[in-house]
Amino acid sequence: MQRHPFELFLQTFEPLAEKKSAQLNRAAWILETTGSSDAAELKADLDIELRLLYSDPKAYQNLLAWDKDPSLQDPLLKRQLNVLIRSFKESQLPKDLLEAIAKKEAELSLTYANFRPIVDGKALSENELREILKTENDSERRKRAWAASKEIGLAMAPQILTLVDLRNRAARHLGYSDYFEMQLDLQEVDRARLFSLLGDLAERSDSAYTRMLESVKSRLSGRFNIAPKDFGPWAWSDPFCQEDPLDTQELDRLLDGVDIADSCKRYYEAMGFDVRPILEKSDLYERPGKCQHAFCTHIDRKGDIRTLNNISSSIKWLEVLLHELGHAIYETGFDPHLPWLLRQPPHMIPTEAMALIAGRQAYRKAALPALVGSGKEPLIALADDSLKRRQLIFSRWVLTMTYFESELYRDPSQDLNVLWWKLVEKFQKIPAPHGRADKADWAAKYHIALAPVYYFSYLLGELFASSIQEALGQDLASPLSGDFLRKKLFAPGNSLAWSELIHSVSGRELAPDAWLREFA
Ligand SMILES: [Zn+2]
């Protein structure tokens, strides 16, 4: 049988992309584990080389033509074509526009990195500022710290607006109305469907959030010695009110005497996954020069899977390691017969869902005894309460961010500070403090400038995580759950669109119902 020209194209294209992407992942790993400037340069070069592979306009035209060819019927070939068309599409922008965007992003990134809020005459690091918001009981000093964290907004706003304009020009060049719409479309997300889902979630979790907020307010008003009506954003333990503000430091005592890596290894063993090869390749503990966050990388899509962590004895790092290993087992589970292009999750939503459902176990009454040992029941009950608050609070923050970004790209000329506070009041139910009228508080959030149109995936990941939990119908830590996940969630890789995958795992479209039953 004669082979389709698309198959011939794949025969040359795929090995090139596979090799370049593994090289890029290796360079990134060296950079993140050492901070080497050589690795940074190598990574930047490889990044450009990989992007060049996807930018050939003639190849893109061929892909579009093959997409209309009725003789191409094989579902795996059609899916690879779909994946390639979306990747090529992004790279079809004029070179000067791409360069202008990269340059503006680099400038903004430097400004964020160098910003130090000044509180009572002293320049503070981000950690020092957060420490004040976590531990200070004097409400006046908290207000000064909170306001100082927003100072960067005024300096950034005009630069971000230039970047928004460039991003919108790029989107229009590709036929979209704005950059938000473009990002969603390239990720196979339907805008109307996204907002109907978010609107539904907002409405149906409203009373649970309000009740939770009232109890948080009354506890914190006591701590800061203020009336509940004087409660402002400065009372939270982070500048954007996205985390649980109640003091949960005592939960770290759950980890007394616990080897977190060993405990996670045993947890995954109970699900039927041997994570030892992953842990052996991972970089687990703090070291100078090393990236301070955490991630999971699959270097070659052939089983070289590693995680980077900075484990310390805290509930946070138990959650993070469970989370990163959740991404890792997902990567071990692709059907090995899938072509390279499809040996990846179809979107970050399903892999985040796996990572989030695993991370949640660090707070769950049912899972904690296995993870941290018995005899810690009072702390375990506190952890379980805190999980619910975290979910409600985080969901409200994502609503603010997503509605704001959608409006920012639709009409960047509107009064964005007014819009920002309108949304914070509507979703997070936190009124703007006095004196914010001439500020640009929206521009103080790093992700608005440098990780755009991204947050919604975490919330959809949370919703899917709850649906998976219900579909399992039993504890995550059991061989049956492991089998289910391997077969239903991991094996298809990117052979299905994310929404089809979710349907096949949970038996229905993504909806907030399971999440609402669990947390609201
Ligand atoms: Zn993750």
Side-chain angles (χ1 to χ4, degrees), residues 25 28-29 32-33 183 187-189 238 242-244 260-261 264-265 267-268 271 273 275 278-279 281-284 290-299 301 304-312 314-334 343-364 367 371 387 390-391 393-395 397-398 401-402 446-447 450-469 476 485-486 489-490 493-494 498 501-502 505 510 515 518-519:
N25 290 338
W29 179 259
E32 302 300 355
T33 52
Q183 283 298 318
Q187 301 176 46
E188 304 183 281
V189 179
D238 72 279
Q242 62 184 97
E243 293 166 14
D244 177 14
I260 289 182
C264 290
K265 186 199 82 184
Y267 189 81
Y268 277 97
M271 274 167 85
F273 293 97
V275 296
I278 298 160
L279 289 172
K281 286 206 155 234
S282 292
D283 191 320
L284 296 177
K290 179 179 160 182
C291 158
Q292 294 181 54
H293 303 278
F295 61 85
C296 170
T297 177
H298 193 167
I299 301 280
R301 300 193 198 170
D304 183 349
I305 301 161
R306 313 170 184 188
T307 71
L308 180 142
N309 297 276
N310 287 277
I311 298 174
S312 63
S314 64
I315 194 161
K316 177 196 154 180
W317 282 103
L318 175 63
E319 178 188 11
V320 173
L321 186 60
L322 285 166
H323 179 108
E324 298 309 334
L325 289 173
H327 286 304
I329 59 162
Y330 195 128
E331 297 286 327
T332 64
F334 303 131
R343 286 203 300 272
Q344 58 175 342
H347 191 278
M348 65 175 273
I349 297 168
T351 179
E352 277 309 327
M354 180 60 237
L356 291 165
I357 196 175
R360 284 179 190 174
Q361 309 305 317
Y363 293 85
R364 267 193 198 294
L371 285 163
L387 177 62
R390 290 153 52 91
Q391 290 284 331
I393 290 167
F394 183 69
S395 71
W397 160 247
V398 177
M401 273 295 278
T402 310
Y446 174 90
H447 296 70
L450 293 167
V453 200
Y454 197 77
Y455 254 108
F456 75 93
S457 303
Y458 286 117
L459 183 54
L460 300 196
E462 295 283 9
L463 302 186
F464 185 32
S466 293
S467 309
I468 295 173
Q469 183 74 62
L476 184 63
L485 292 168
R486 216 181 260 122
L489 183 63
F490 309 161
N494 195 1
W498 65 267
L501 178 69
I502 288 180
V505 172
L510 185 60
W515 184 89
E518 197 170 1
F519 299 114

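Atoms within each ligand, like the ligands themselves, are counted from 1 in listed order.
- A donor-acceptor contact under 3.5 angstrom links the side chains of Gln391 and Trp515, judged on distance only.
- Each of Glu462, Glu319, His323 was scored for a side-chain hydrogen bond (donor to acceptor under 3.5 Å, both in side chains) with Arg360, with one residue passing: Glu462.
- Using the six-membered ring where Trp is involved, His347 and Trp498 have ring planes that are tilted, between 30° and 60° apart.
- Relative ring orientation between Phe490 and Phe273 is described as tilted, the plane-to-plane angle lying within the 30° to 60° band.
- Residues that satisfy the side chain to side chain contact (heavy atoms under 4.5 Å, CB included) test with Arg306, not counting sequence neighbours, are Trp29, Lys281, Thr297, Ile299, Asp304.
- Relative ring orientation between His298 and Phe334 is described as parallel, the plane-to-plane angle staying below 30° on a 0-90° scale split at 30° and 60°.
- Only protein atoms were considered; those of element N, O or S under 2.8 Å from the Zn ion (ligand 1) number 4.
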